[in-house]
Amino acid sequence: MKYPFQEIETKWQKFWEEKKVYKTDLTDKENNLYCLVMFIYPSGAKLHCGHWYNYGPTDSWARLKKLQGYNVFEPMGYDAFGLPAENYAIKTGVHPKESTMKNIADIREMLKRMGTMYDWDAELMTCAPEYYKWNQYLFLQLYKRGLAYRKNAPVNWCSSCQTVLAREQVLGDGNCERCGTTVEQKNLTQWFFKITQYADELLDGLNKIDWPEKTKLMQTNWIGRSYGTEVEFKIEGHDDKLTVFTTRPDTLFGVTYVVLAPEKELVQKITKSEFKIDVDKYIEQTKLLTEVDRTSTVKEKTGVPTGAYAINPVNGERVPIWVADYVLATYGTGYVMAVPAHDERDFLFAKKFELPIRKVILQEGTDVKADLTEAFTEVGTMINSGKYDGINSDDGIEKITEDLAAQGLGRKTKNYRLRDWLISRQRYWGTPIPIIHCEHCREVPVPEEQLPVLLPYEANFKSDGGSPLAGNTNFVNTTCPKCGAPAKRDADTMDTFVDSSWYYLRFLNPNFSEGMFDTKLGNAWTPVDMYVGGAEHATMHLLYARFIHKVLRDIGLVNSDEPFKKLIHQGTITNNGAKMSKSKGNIVNPDDFIVNVGADVFRMYLMFMGPYELGGDWSDKGIVGVDRFVQRVYSMFEANAGIAKQAVLKDKFEIAELAEIEKNIYRKINATLAKVSVEIDHFRFNTAVAALMELINELKGLDECSTELKSYTLERFASMIAPLAPHLGEECWQMIGKENSLFEQPVWFEVDQLALTKENALVVVQINGKMRAKVEVPYNLPEAEVKVAVFEDEKVKLYTDGKQLVKEIYVPNKIYNIVVK
RNA sequence: GCCGAAGUGGCGGAAUUGGUAGACGCGCUGGACUCAAAAUCCAGUGAGGCUCAAACCUCGUGCCGGUUCGAGUCCGGCCUUCGGUACCA
């Protein structure tokens with residue numbers, strides 16, 4: 001009979017749900033294991049292939065662990081705030097709350113149809129007041145500690161999304177991560193979280209977590225710590241000083257000019273009146289450029305002189321001060337000493353504006369007098385540097401820094417590329433920022449007992465700049481908690497990455513009302529043992545969550561340093577090489593496959609396609625292979641229905657007592673058992689499935705086995721297939737006569753190590769590195785005897801007779817290599 | 001430009017520490033079953049050479065070189081594709 005997947009999948013889903021098989025007892029900390037997949041963004045009503053590819057295999061991993069006896073917690077929830085719902089509302093008039101709730105209801109059903117083992121009692125959604133109340137609480141804790149603050153700064157503005165964006169949400173091409181519109185620069189007063197305060201710890205903590213190296217590297221680069229020196233330059237005719245940051249103080253004698261970022265106020269102060277018109281014009285021009293245009297390496301250098309001069313502290317030299325947009329106000333001090341001879345950018349700038357280029361580091365093997373054709377940026381010998389001449393530039397960095405420090409003209413320092421996290425958004429569908437603006441008391445935090453600040457249902461989404469909430473007078477108008485005078489609520493909402501920065505803690509008890517989360521459970525269950533999600537979050541969610549976890553630790557709410565102990569990224573499934581997306585209309589709909597072959601087959605096929613972390617291009621070509629395999633499994637169990645009841649169950653066989661065909665099967669089932677656990681454990685699902693396919697090929701001879709061995713084999717087969725195809729696994733287990741559900745009373749079998757040892761070894765004989773013969777010898781036969789066997793082989797004789805033996809190499813039980821002349 | 005990952009049959013992909021390249025699956029070819037087809041089952045399937053056939057030989061893991069008894073795997077130099085980043089002083 002054809003495998004009736006429809007009926008069987010429904011049957012087990014119902015069973016699991018009714019019996020609450022996947023409800024985790026979180027008070028049981030014995031052998032506990034937290035397996036988490038990044039929660040779902042309910043921007044549509046459907047699960048697409050990417051969701052299945054992400055969730056199915058992760059669930060299979062969790063199921064393996066459950067069968068192996070771990071107390072596994074695998075929750076699922078909804079990252080329910082965010083722009084898509086609001087944009088949808090603008091387009092259709094359907095309120096974000098309505099569309100989101102509808103999507104969630106649909107998605108929940110689909111997730112259940114996948115056959116996942118989520119603990120539905122732990123379900124959460126970030127748009128619920130019970131959840132976002134604690135976002136607000138978190139905000140206030142950060143505010144109290146000076147980690148949440150407001151400042152006016154140049155920020156990224158997306159005119160289509162009508163909101164500011166964090167730097168992480170702007171793509172490399174300068175477009176909005178969400179909608180693809182070119183992002184503009186605007187000066188706005190915005191809320192920031194002071195992630196930079198944790199920069200060192202975020203960097204150093206990377207050594208302690210088991211994450212993909214490339215992800216850690218991305219975070220390392222993103223944080224971008226560099227060690228250097230701050231050097232003070234006097235400004236001619238001013239009391240003000242100018243401090244530059246440099247990683248190359250050894251090149252100080254090569255400074256021929258100094259550059260200020262156009263945004264810096266100092267520019268106005270020092271610019272000589274006859275230069276003022278040009279400088280102001282230049283600053284205006286700079287404002288028109290997007291950050292990407294401005295920071296593009298291919299752009300030709302621009303700049304204007306200010307007419308002012310700075311004094312080089314090491315040699316008292318007078319150097320012109322310029323303004324140029326290649327210097328960024330947001331990095332270092334916003335002032336740069338320019339050393340054209342030893343910095344590529346300065347070199348190009350100096351060439352263009354005919355500023356002097358003075359060589360102070362000599363490249364080994366070059367002439368002192370030779371002109372440079374490009375900047376020499378490496379280590380060399382210091383020249384033209386007064387008392388430092390002749391020393392290695394690396395040592396010069398230390399020496400000059402020390403000398404400057406001694407004179408109070410400089411100091412060792414570090415700098416980061418990381419900037420503070422901009423968290424306010426001028427949008428409706430998010431967590432209201434719990435701040436009240438009072439004319440007298442300025443910004444006043446909402447008292448904790450007044451939380452949550454509820455997001456009102458009414459709002460004008462079709463806003464044209466400014467927050468939609470600003471127009472809702474019922475919401476905005478309030479009284480100051482401090483002085484009682486009429487005041488206004490902050491109308492911005494929080495970046496949804498705030499929601500996802502701590503949700504893994506809330507899952508442990510989404511109904512907890514005494515705090516953000518239950519600290520006792522948090523300490524027992526986090527860090528999360530296994531976290532699975534897309535690599536695109538490397539410098540966003542995955543960095544924010546680490547930051548917030550550390551803050552929570554410092555507040556005393558958790559006792560660990562890191563949120564996610566082990567991290568795995570699923571690959572991306574593309575369609576004809578392109579990322580699947582609604583806008584491109586190239587989404588593959590899983591529904592048809594679920595209807596035609598069932599959830600188990602579809603899940604297993606996604607796993608079988610290739611390595612989990614690589615993803616790949618979508619093709620349904622091979623799905624029949626997995627379907628055939630499932631059919632064969634089903635018929636094999638059908639043919640042996642009730643077998644486990646007909647025999648005394650053994651957990652070990654004496655190999656010597658088995659018939660030849662039984663021996664092979666006994667060996668294979670044990671070898672597969674060993675293989676499957678290791679492969680699934682490492683997220684190598686493709687090879688795990690392949691191993692089971694190999695096994696079923698071997699089981700063609702099953703009919704010739706004793707009833708005992710048949711039961712032994714099928715028990716193990718059912719248990720092994722269960723993580724990968726859970727419905728099928730349960731059904732097979734029941735078919736052979738088991739009374740209990742596999743996942744209700746987990747079973748995973750021990751490997752009989754004796755079955756893995758071989759009687760004979762096939763030794764490959766190579767002559768001069770070429771494979772020439774194979775010799776079967778007893779396993780672990782002494783080398784001398786192997787040699788005899790090898791040289792008895794006709795082909796070996798053919799290739800060695802009459803030749804001089806130079807060397808022989810024997811790799812036990814594997815290779816016998818003979819070198820002849 | 002810089003950083004990272006990957007290039008293996010017609011296709012998706014296997015291959016502990018260097019040790020029989022191509023597991024497993026798709027597709028294809030032939031056969032069985034069938035009136036026929038589908039489904040299923042069995043056999044074959046990297047390329048080329050030689051042969052009635054088998055045996056056998058040569059070449060083969062992006063390209064060029066190297067180390068080694070032996071390289072898909074290690075080293076050096078390239079090429080291509082995909083991610084990340086982009087004047088960070």
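Ring to ring, Y335(A) and F245(A) are not that close: their centroids are 6.0 angstrom or more apart. Checked against the 6.0 Å centroid criterion, the rings of W322(A) and F349(A) qualify as a close aromatic pair.
Atom-to-atom, CG of L798(A) to P of C57(B) comes out at 8 Å; the value is rounded to the nearest Å. To the nearest angstrom, P of G1(B) lies 19 Å from CG of D343(A). Spacing between atom CD of E694(A) and atom C1' of A14(B) amounts to 9 Å, rounded to whole angstrom units. Put simply, CG on N760(A) is 17 Å from C1' on U20(B), counting in whole angstrom units. Rounded to an integer number of Å, the gap from CD1 of I809(A) to P of G19(B) is 14 Å. As a whole-Å value, the separation of K216(A) NZ from A5(B) P is 14 Å. Atom P of nucleotide C24(B) and atom NZ of K668(A) are separated by 8 Å, given to the nearest angstrom. If you take NZ of K264(A) and C1' of A89(B), they are 14 Å apart, rounded to a whole angstrom.
H342(A) places no side-chain N or O within 3.5 Å of a backbone atom of A375(A) that could act as its donor or acceptor partner.
In this entry G83(B) has C3(B) as its Watson-Crick or G-U wobble partner, both defining distances falling under 3.5 Å. Across all strands shown, C52(B) has no partner, as no Watson-Crick or G-U wobble contact with both distances under 3.5 Å is found. Remark: A47(B) base-pairs with U58(B). Criterion, Watson-Crick or G-U wobble with two distances under 3.5 Å. G30(B): Watson-Crick or G-U partner is C42(B), with both key distances under 3.5 Å.
Classified by its glycosidic torsion, G49(B) falls in the anti category, the angle being over 90° from 0.
Taking atom P in both U17(B) and U73(B), one finds a spacing of 14 Å when rounded to whole Å. With C1' as the reference atom, A55(B) and U40(B) are 35 Å apart, rounded to whole Å. Between the P atoms of A32(B) and U51(B), the separation comes to 31 Å (whole Å). For G13(B) and U8(B), the P atoms lie 9 Å apart once the distance is rounded to whole Å. For the P atoms, the distance linking A54(B) with C64(B) amounts to 33 Å, nearest Å.
K774(A) comes within 4.0 angstrom of a nucleotide base, judged by non-hydrogen atoms across all strands. Residue contacts for V811(A): at a heavy-atom cut-off of 4.0 Å it reaches a base atom on one of the strands shown.
Contact annotation: K770(A) reaches the phosphate of C59(B) (side-chain N/O to OP1 or OP2, under 4.0 Å). Within the 4.0 Å cut-off from OP1 or OP2 of G70(B), not a single side-chain nitrogen or oxygen of K814(A) is found. Between R628(A) and G25(B) there is no side-chain polar atom (N or O) within less than 4.0 angstrom of OP1 or OP2. An OP1 or OP2 oxygen of C57(B) is reached within less than 4.0 angstrom by a side-chain nitrogen or oxygen of R772(A). At least one side-chain nitrogen or oxygen of N686(A) sits closer than 4.0 Å to the OP1 or OP2 atom of A14(B). Proximity of K807(A) to the phosphate of C69(B): a side-chain N or O atom is located under 4.0 Å from OP1 or OP2. Taking 4.0 angstrom as the limit, S226(A) places a side-chain polar atom (N or O) nearer than this to OP1 or OP2 of A89(B). At the phosphate of C88(B), OP1 or OP2 sits under 4.0 Å from a side-chain N or O atom of R345(A). OP1 or OP2 of G25(B) sits under 4.0 Å from a side-chain N or O of N697(A). Under 4.0 angstrom from either OP1 or OP2 of C57(B) there lies at least one side-chain N or O belonging to Y799(A). For the pair K675(A) and A14(B), the criterion of a side-chain N or O lying under 4.0 Å from OP1 or OP2 is not met.
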Working for ring pair (Phe, Tyr, Trp, His ring centres under 6.0 Å), residues F685(A) and F683(A): CA-CA 6 Å; F685(A) 305 100; F683(A) 273 69; 5.2 Å; yes
Tell me, with the steps shown, if D617(A) and T574(A) meet side chain to side chain donor-acceptor pair (under 3.5 Å). CA-CA 5 Å; D617(A) 205 43; T574(A) 54; 2.7 Å; yes
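For the pair M337(A) and L762(A), both in contact range of RNA chain B, the more 5′-proximal nearest nucleotide belongs to L762(A). Nearer the 5' end of RNA chain B, as judged by each residue's closest nucleotide, is the contact made by G616(A), out of G616(A) and V764(A).
Of the candidate nucleotides C42(B), G27(B), G84(B), G84(B) has the atom nearest to the side chain of M218(A). For L217(A), counting side-chain heavy atoms from C-beta on, the closest listed nucleotide (G4(B), A15(B), A89(B)) is G4(B). Which of G19(B), A89(B), G4(B) sits closest to the side chain of V336(A) comes down to A89(B).
Paired with Y3(A) under the rule side chain to side chain contact (heavy atoms under 4.5 Å, CB included), one option of V633(A), V630(A), V601(A) passes, and it is V630(A). Among L328(A), V304(A), V327(A), T286(A), the one residue that satisfies the side chain to side chain contact (heavy atoms under 4.5 Å, CB included) test with P262(A) is T286(A).
Between the side chain of E213(A) and the base of G4(B), no donor-acceptor pair under 3.5 Å is found.
Separation of atoms CG (D250(A)) and OG1 (T229(A)) is listed at 9.0 Å; rounding is to 0.5 Å.
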